[in-house]
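Ligands are counted one by one from 1 in listed order, and the atoms in each one are counted from 1 as well. Quick note: numbers below take in every heavy atom, side chains included, and nothing from hydrogens, waters or symmetry partners.
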Amino acid sequence: MNNTKSTIQGFEVEGVHITKVIDTLGSFSPKVLYVDKDRSSFDPHIDWLQPHFVDEAKGMLLSIHSFVIQTRHHKILVDTCVGNHKTGSGFPQWNNRKGNYLEELVAANCRPEDIDYVFCTHMHIDHTGWNTRLQDGRWVPTFPNAKYLFNQKEWDCWKNSDDAADKAVMAQNILPIIESGQVQWVDNAWSIDDQVSLLPTPGHTPGHCSVDIHDGSSRAIITGDMMIHPVQIAEPEWNQSADQDRALAVATRSAFIDEHCDRDVMILGTHFNTPTGVYITEHNGQRRIRF
Ligand SMILES: [Zn+2]
């Protein structure tokens, strides 16, 4: 579905249309994401991870994208990627970017002014970047008519951080939204409408929520960073370096995989490369995916 012309990909849940819009896509050394792993760690899984999720050099293919959910009632943007012109990141490639995300969004039939709600699964840099854009030297909300649904528990975790990179994210991506008056504070039990609800999946961060999309018997779940790569479906105990509470992250991930294995629930991976929407299956006692 991906090609050089456009990176837009669509998914259907009965009554709901979901569109993936990519900000950036890259190959990463496993060590960057899983501190105690290396390229050979993928060997037991290489047969089912290549070519979509691991490249020929055994680099992890990771996509940073948004999902636009069009329900009967609302247009909802989930996760806002890295953004443009940001500074202060510990990842040099994410500083002073000049990507064409907004053009891609419009090509996906979604103008910034059309968005009713923005929800960030958590407040890391690659999930909050396009909350704001630089205009005349100031950070302003990218989505002028949207309510930004900020999870109070997540904000409580970050608002007093002393880390310079965290402070940069808050100053550029979060505080300008709070100051604009466009925030609606929510908790883990929030439903955006009758087709979209938050699903608490803590561990990666304390207030981390996945997004549950449902209509009739049809269902899809956006992972956020509860898992960042399909390998974690087979290896749920693989912690990401950014998992704040490692034991809770493993428990959350394991329970999620158990619950949704061999069920008719599409798992939309927030960093899964195309095809991105997968189903969890069990095969000879091993957890795998189909798509
Ligand atoms: Zn992420």
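- His122 lies apart from the Zn ion (ligand 1) in this respect, since none of its N, O or S atoms is found at a distance under 2.8 Å.
- Among the atoms of His127, an N, O or S atom is found under 2.8 Å from the Zn ion (ligand 1).
- Geometrically, Lys86 engages Trp139 in a cation-pi contact, judged by NZ or CZ lying under 6.0 Å from the ring centre and within 45° of the ring axis.
- Nearest to the Zn ion (ligand 1), among the N, O or S atoms that Asp225 has, is OD2.
- Remark: the backbone N or O of Trp238 is paired with a side-chain donor or acceptor of Arg253 at under 3.5 angstrom.
- Between His204 and His127, the distance separating the two ring centers is not shorter than 6.0 angstrom.
- Thr121 and Asp79 form a side-chain donor-acceptor contact under 3.5 Å, judged by distance and modelled atom types alone.
- Restricting Asp126 to its N/O/S atoms, the shortest distance to the Zn ion (ligand 1) is reached by OD2.
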